Enquirer: 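Submitted below is the structure of interest, expressed as C-alpha cells.
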Amino acid sequence: MPTPKVSFEFFPPQTLDASFRLWETVQVLAPLNPTFASVTYGAGGTTRKLTHDAVETIHEHYGLNVAAHLTCVDATKAETQEIIDSYAEVGVTEIVALRGDPPKGADRFTPHPEGFASSVELIEWLAKDGRFNIRCGAYPEPHPEATDPMADVRWLKRKIDAGATSAITQFFFEAETFFRFRDACVKEGITAPIIPGILPIQSWKGAKGFAKRCGTSIPAWVEEAFETAARDGREQLLATALCTELCDNLVAGGVDELHFYTLNRPEMTREVCHALRINPGVVLENVA
C-alpha cells in the first residue's frame with residue numbers, strides 16, 4: 001500500500017499552558033514532513049491576532065509550509081486585506097479560505113456590511129490578489145445549512161471555479177462517506193484534489209459535540225464501540241485503532257493525502273502516522 005502525504009491542523013493558544021502544548025505538538029509532528037500545517041481562527045474570528053502570531057512562529061522557527069485560515073466573519077474587506085498583506089510579509093504562501101463560524105451567541109452567519117458575503121467572494125478576492133495558493137473547506141455530509149443533499153457539492157464547485165486549488169473535508173467516521181462525496185464531486189466536474197479531514201478522537205464526548213455542530217453522522221456501531229470501550233477503560237486504544245483503520249481504508253481507496261485535526265495533542269496523530277509508515281526524517285518521494 002502506498003504511503004500517503006499528511007498535513008496537520010493546529011489552533012492558536014490563548015493561555016501560557018496552551019502555548020506550551022502547541023509548541024510541543026509542532027515539535028513532535030514537524031519531523032513527519034507534512035505538506036502543510038494549517039492554523040485555525042476561533043469562532044467569529046476571535047483569535048485573529050493569535051492566529052497570525054502562531055502562523056508566523058511556525059513558519060519562521062519550524063520551517064513548515066503554513067496555510068493560514070482566513071474567514072469572512074466580522075471584518076471589512078479593508079481589514080481582511082490588511083491580514084492578507086501581513087501574511088504575505090512574513091512569507092506565508094497558502095491560505096485556507098472559509099466563510100467561518102458565526103460569533104458566539106449568534107445562530108447564523110451574517111455578513112459584515114462592508115465585508116465578504118461568502119467564502120466564494122473571499123476566494124475570488126484572494127485569486128485576484130495572486131500571491132497565495134488557496135485551499136477551501138468541503139462537507140462530505142450535508143452542512144447544517146444545506147438546502148439539499150447536493151448543495152455542498154455544487155457550492156464546492158463554485159469555490160474551485162473561483163480559484164481554490166484543493167479542498168479539505170470536515171471529519172467523518174466511515175471511509176464510504178468520503179468515497180460517496182468524492183464520486184459526487186467527480187460527476188459535478190470537480191477535478192481539484194479533495195483531502196479527507198481526519199479527527200483522532202481524544203475524547204468521545206468532545207467528538208460527539210463536534211459532530212453535532214457540523215452535521216457529521218455517528219454510525220451506531222461507533223457509538224456502541226465507544227460505550228463498551230469506556231466501560232473497559234480502553235477508549236484511547238479504540239480511538240487509535242479506528243483512526244488507523246479509517247486511514248488505511250482511505251489509502252486503499254486511492255487517497256494519497258490525509259489532513260489531521262490534531263487539537264494540539266500530537267500523540268495519537270503520531271501513532272497513526274507511524275502505523276501508516278510515515279516516520280520522522282523520511283522524505284517521501286511523492287511529497288513536493
Side-chain angles (χ1 to χ4, degrees), residues 4-43 46-47 50-51 53-55 57-59 61-69 96 98 101 137 168-173 195-214 216 218 222-223 225-226 229-230 232-248 250 257-281:
K5 296 175 284 186
V6 293
S7 56
F8 305 124
E9 179 183 283
F10 308 121
F11 62 83
Q14 300 191 53
T15 66
L16 182 60
D17 285 345
S19 293
F20 287 134
R21 195 168 76 199
L22 170 60
W23 306 132
E24 177 189 4
T25 300
V26 176
Q27 287 173 347
V28 168
L29 297 179
L32 298 177
N33 297 299
T35 56
F36 67 94
S38 67
V39 181
T40 70
Y41 260 27
T46 51
T47 65
L50 295 172
T51 296
D53 292 345
V55 165
T57 301
I58 294 170
H59 176 72
H61 295 283
Y62 295 93
L64 297 183
N65 175 32
V66 183
H69 282 215
V96 181
L98 307 164
D101 296 326
I168 306 165
T169 77
Q170 186 53 268
F171 78 97
F172 49 89
F173 289 101
I195 306 169
I198 307 298
L199 179 69
I201 297 173
Q202 311 290 344
S203 157
W204 178 233
K205 180 180 178 181
K208 287 196 294 183
F210 291 150
K212 182 178 180 180
R213 288 194 293 275
C214 66
T216 298
I218 302 175
V222 174
E223 181 88 56
F226 272 100
D232 298 337
R234 295 183 177 182
E235 270 199 16
Q236 290 302 99
L237 184 63
L238 172 66
T240 303
L242 290 182
C243 188
T244 302
E245 181 181 26
L246 173 61
C247 292
D248 274 336
L250 290 167
E257 184 165 359
L258 304 165
H259 184 70
F260 289 88
Y261 297 115
T262 71
L263 302 183
N264 291 8
R265 295 186 180 278
E267 294 82 6
M268 193 182 304
T269 296
R270 179 181 56 186
E271 289 178 22
V272 172
C273 286
H274 286 180
L276 297 170
R277 298 183 294 113
I278 302 164
N279 297 303

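Computed from heavy atoms alone, side chains included, the values below leave out hydrogens, waters and symmetry copies. All residue numbers in this chain count up from 1 along the given sequence. Fair warning: this is a prediction, and the values are worked out from it, not measured in the lab.
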Enquirer: Do Val39 and His69 have side-chain heavy atoms sitting under 4.5 Å apart?
Expert: no
Enquirer: Taking Ala211's backbone N and O only, do any of them form a donor-acceptor pair with Thr216's side chain (distance below 3.5 Å, no angle check)?
Expert: no
Enquirer: Just to verify, what does Leu250 make a side chain to side chain contact (heavy atoms under 4.5 Å, CB included) with, not counting sequence neighbours?
Expert: Phe172, Ala175, Phe178, Phe179, Pro196, Ile198, Leu246, Val255, Leu258
Enquirer: May I ask you to test the Pro12-Asp53 pair for a side-chain heavy-atom distance under 4.5 Å?
Expert: no
Enquirer: State whether the side chain of Thr169 and the backbone N or O of Gly197 hold a donor-acceptor pair below 3.5 Å, judged by distance alone.
Expert: yes
Enquirer: Is there a side-chain contact between Ile58 and Trp23, using heavy atoms and a 4.5 Å cut-off?
Expert: yes
Enquirer: Atom CD in Glu267, atom CG in Leu29: separation rounded to 0.5 Å?
Expert: 9.0 Å
Enquirer: Among pairs that include at least one residue of residues 195-212, which meet salt bridge (Lys or Arg N to Asp or Glu O under 4.0 Å), considering only residues two or more places apart or in two chains?
Expert: Lys208-Glu223
Enquirer: Are the side chain of Asn264 and the backbone N or O of Phe11 linked by a donor-acceptor pair below 3.5 Å?
Expert: yes
Enquirer: About how many Å separate OG1 of Thr240 and CD of Glu245, when rounded to the nearest 0.5 Å?
Expert: 13.0 Å
Enquirer: For Glu235, what residues pass the side chain to side chain contact (heavy atoms under 4.5 Å, CB included) criterion, not counting sequence neighbours?
Expert: Trp204, Phe226, Ala229, Ala230
Enquirer: In the structure I gave you, are the side-chain heavy atoms of Thr40 and Thr51 within less than 4.5 Å of one another anywhere?
Expert: no
Enquirer: So which heavy atom on Ala68 is nearest to which on Val55, and how close?
Expert: CB-CG2, 3.8 Å
Enquirer: At what distance, to the nearest 0.5 angstrom, does CZ of Phe36 lie from CZ of Phe8?
Expert: 10.5 Å
Enquirer: Can you find a heavy atom in the side chain of Ile278 that is under 4.5 Å from one in the side chain of Val272?
Expert: no
Enquirer: I need the His59 NE2 to Thr57 OG1 distance, nearest 0.5 Å.
Expert: 11.0 Å
Enquirer: Side-chain contact, heavy-atom cut-off 4.5 Å: Val6 with Cys273?
Expert: yes
Enquirer: I need the His274 NE2 to Thr244 OG1 distance, nearest 0.5 Å.
Expert: 11.5 Å
Enquirer: Is it the case that atom CZ in Arg265 sees more than 12 heavy atoms from other parts of the structure closer than 6.0 Å?
Expert: no
Enquirer: Just how far is it from atom CZ of Phe171 to atom CZ of Phe210, taken to the nearest 0.5 Å?
Expert: 7.5 Å
Enquirer: Which residues satisfy the side chain to side chain donor-acceptor pair (under 3.5 Å) test with Asn65, sequence neighbours excluded?
Expert: Glu94
Enquirer: Would you say His259 and Ser7 are linked by a side-chain donor-acceptor pair, where the criterion is simply a distance under 3.5 Å?
Expert: yes
Enquirer: Ala18: what forms a side chain to side chain contact (heavy atoms under 4.5 Å, CB included) with it, not counting sequence neighbours?
Expert: Pro13, Thr15
Enquirer: Would you mind listing every salt bridge (Lys or Arg N to Asp or Glu O under 4.0 Å) that reaches into residues 6-19, with sequence neighbours excluded?
Expert: none
Enquirer: How far apart are the closest heavy atoms of Phe173 and Ile201, and which atoms are they?
Expert: CE2-CD1, 3.8 Å
